[in-house]
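Small disclaimer: the values here were computed from a predicted structure and weren't measured.
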Amino acid sequence: MATDDTDEMIAQRRALLRTALQRIVLLRETGPKSAAWHRARVKTMWRLQQQLADDAAASQHAEQTHDRS
């Protein structure tokens, strides 16, 4: 059961990260046009993508650990 709770928490976090990433991508059209703002936006996109990748790796590790037990 603990694994199910963990999987659900990871799924919820990934959904939130995807939503945040979609929003930051859409801000290209509606946000400020300064170079500094664009750099911060791109840095945020990369950070969100890295967090999604980290969560995917954690989920895969949890599955492998669960399969072994």
Side-chain angles (χ1 to χ4, degrees):
M1 277 200 213
T3 304
D4 293 338
D5 291 341
T6 303
D7 291 344
E8 185 177 331
M9 287 175 27
I10 291 173
Q12 288 175 351
R13 177 177 158 81
R14 291 183 75 193
L16 288 172
L17 288 171
R18 274 190 234 103
T19 300
L21 187 57
Q22 290 170 347
R23 286 181 181 160
I24 199 77
V25 167
L26 292 174
L27 282 175
R28 179 176 186 216
E29 300 299 323
T30 59
K33 303 302 180 201
S34 72
W37 188 88
H38 179 69
R39 282 191 303 273
R41 183 182 146 270
V42 170
K43 187 175 180 179
T44 300
M45 283 191 304
W46 283 110
R47 181 179 52 81
L48 290 170
Q49 288 177 342
Q50 184 61 50
Q51 288 177 350
L52 280 168
D54 292 347
D55 284 355
S59 178
Q60 188 175 37
H61 177 70
E63 286 178 16
Q64 290 174 352
T65 304
H66 180 56
D67 289 344
R68 289 181 191 157
S69 54

May I ask whether [X] and [Y] are part of the same hydrophobic cluster, defined by side-chain heavy atoms of I, L, V, M, F, W, Y residues being less than 4.5 angstrom apart, directly or through others?
{"X": "L21", "Y": "L26", "value": "no"}
{"X": "V42", "Y": "W37", "value": "yes"}
{"X": "V25", "Y": "L52", "value": "yes"}

- Query: Who passes side-chain contact (heavy atoms from CB on, under 4.5 Å) against T19, sequence neighbours left out?
  - Reply: R23
- Message: Is it the case that over 12 heavy atoms from other parts of the model lie below 6.0 angstrom from the CZ atom of R47?
- Response: yes
- Check whether any side-chain N or O of K33 sits under 3.5 Å from a backbone N or O of R28 as a donor-acceptor pair, and report yes or no. yes
- Query: From I10 CD1 over to D54 CG, what is the distance, rounded to the nearest 0.5 angstrom?
  - Reply: 11.0 Å
- Message: Nearest 0.5 angstrom please: Q50 CD to M45 CE, how far?
- Response: 14.5 Å
- Using salt bridge (Lys or Arg N to Asp or Glu O under 4.0 Å) as the criterion, list what pairs up with R41, not counting sequence neighbours. none
- Only counting residues at least two apart or in another chain, list the ones meeting salt bridge (Lys or Arg N to Asp or Glu O under 4.0 Å) with D55. R13
- Query: Going by heavy atoms in the side chains, are L48 and Q51 under 4.5 Å from each other?
  - Reply: yes
